[in-house]
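Everything numeric here is computed off the predicted structure, so don't read it as measured data.
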Amino acid sequence: MDKKQSNSESSRPAASVQEIGLVLQPGGSKKLAEIRRKAQANPPPPVEATDADHEIPADLKAEAATELKIARKLIDEKIAAIMRGFPAGKQNKLFSFRYGSVDAIKRMDLNAAFKRLGIAHNQVNMRLIAGLDYYGDAAGTEETRSNPPTAE
């Protein structure tokens, strides 16, 4: 079942590929020019860190409250930096695929949240706030500042 090449096939010149320019010249389409102009004029808005001035529980010590503010700022900045790397319109979805939802990260204890986001633990005094979540509540409780308990 060996194929033998005939002399006529082997004497043919090899095919060569030539570079072809654009199918449509840059100024050739008014619709494409309009789309390009709109895309350059209106870049997607940058994702900014959210305001970290949520209510801090009154029963926290002053040192723990300041460390909690620093930790909130670090978490918000890291989330915003990660989301800036994703395409606009898919930022929340792609972030949740890799890290989990933003709400879930804010509900976990700060030690786990720092580990999940890859933030260095030495930027805050973690032993003061290790058992707390983003909102200053004990981690693992269902009550958070954004979801107050409902009256039954």
Side-chain angles (χ1 to χ4, degrees), residues 3 14-152:
K3 288 187 176 181
S16 64
V17 178
Q18 297 177 356
E19 214 172 302
I20 299 175
L22 296 174
V23 176
L24 187 62
Q25 296 301 320
S29 172
K30 291 179 182 176
K31 288 183 181 180
L32 289 176
E34 182 67 22
I35 292 170
R36 189 179 309 110
R37 186 187 61 77
K38 283 182 183 179
Q40 290 172 348
N42 298 327
V47 178
E48 296 182 15
T50 58
D51 190 15
D53 291 333
H54 294 286
E55 181 181 323
I56 294 179
D59 58 341
L60 280 181
K61 294 180 181 177
E63 302 97 23
T66 57
E67 293 297 319
L68 181 62
K69 285 182 183 179
I70 295 169
R72 285 179 177 177
K73 182 178 179 235
L74 291 171
I75 289 172
D76 287 338
E77 288 174 353
K78 184 66 173 185
I79 289 172
I82 291 169
M83 284 195 180
R84 265 187 245 114
F86 296 136
K90 296 193 182 258
Q91 293 169 336
N92 290 331
K93 191 73 165 176
L94 292 173
F95 182 87
S96 66
F97 280 152
R98 182 159 185 194
Y99 299 98
S101 71
V102 174
D103 292 333
I105 289 175
K106 289 182 177 182
R107 277 180 283 160
M108 64 177 56
D109 67 279
L110 292 174
N111 197 13
F114 270 50
K115 193 176 286 187
R116 169 100 30 112
L117 294 172
I119 302 171
H121 292 272
N122 61 358
Q123 297 180 4
V124 293
N125 190 350
M126 193 55 76
R127 65 185 170 81
L128 290 175
I129 57 173
L132 301 176
D133 64 3
Y134 180 89
Y135 302 103
D137 297 323
T141 61
E142 293 300 318
E143 294 181 21
T144 61
R145 298 284 174 220
S146 61
N147 297 332
T150 57
E152 294 181 30

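Rounding to the nearest 0.5 angstrom, the gap separating the CG atom in Leu94 from the OH atom in Tyr99 is 11.0 Å. In this structure, Gln123 CD and Lys73 NZ are separated by 10.0 Å, a value rounded to the nearest 0.5 Å.
Proximity of a side-chain donor or acceptor of Arg116 to a complementary backbone N or O of Ala112 within less than 3.5 Å is not detected. Counting only distance, with no hydrogens or angles, the side chain of Arg72 and the backbone of Tyr135 share a donor-acceptor pair below 3.5 Å.
Between Leu74 and Ile119, the shortest heavy-atom distance links the atoms O-CD1, 3.8 Å. When all heavy atoms of Gln91 and Met83 are compared, the closest pair comes out as NE2-O, 3.1 Å. Summarising the geometry of Glu67 relative to Ile129, their closest heavy-atom pair is O-CD1, 3.8 Å, with the distance given to 0.1 Å. Summarising the geometry of Leu117 relative to Phe95, their closest heavy-atom pair is CD2-CZ, 4.0 Å, with the distance given to 0.1 Å. Minimum interatomic distance between Ile75 and Ala113 (heavy atoms only, all atoms of both residues): CD1-CB, 4.2 Å. Minimum interatomic distance between Tyr134 and Asp76 (heavy atoms only, all atoms of both residues): OH-OD2, 2.7 Å.
Contact of the Met126 side chain with the Asn111 side chain is registered, since non-hydrogen atoms from C-beta on lie closer than 4.5 Å. Looking at heavy atoms from C-beta onward, Leu110 lies out of side-chain contact with Val124 at the 4.5 angstrom threshold.
Glu34 has no carboxylate O lying under 4.0 Å from a charged side-chain N of Lys30, or vice versa, which leaves the two without a salt bridge.
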